[in-house]
Amino acid sequence: MEHLSDFASAQDVEDADDILFAHPIRTVTRLVCACGADHPCPEVRFALMIKGTTSGGTP
């Protein structure tokens, strides 16, 4: 039999295995603005809004 610490029971270990199986790592790609915030950052959204209203709707 495996040695289990006092912290986790056999059921805890089994549950942890199930959780790790159900939550695999996945790669997420996101756009990041040069300022470091998610793109579009508030400044870019503002600029796009202004450009959209002043240039006939085309940013």
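Note that the CD atom of Glu14 and the OG atom of Ser9 stand 9.5 Å from one another [nearest 0.5 Å].
Checking side-chain atoms of Asp15 against main-chain N and O of Asp12 turns up no donor-acceptor pair under 3.5 Å.
Summarising the hydrophobic clusters (Ile, Leu, Val, Met, Phe, Trp, Tyr; side-chain heavy atoms under 4.5 Å, direct or chained), the residues clustered with Leu20 are none. Clustering of Ile, Leu, Val, Met, Phe, Trp and Tyr by side-chain heavy atoms under 4.5 Å joins Phe46 with Met49, Ile50.
Remark: Ala16 engages no residue in a side chain to side chain contact (heavy atoms under 4.5 Å, CB included) (not counting sequence neighbours).
The minimum heavy-atom distance between Val44 and His39, with the atom names listed, is CG1-NE2, 3.9 Å.
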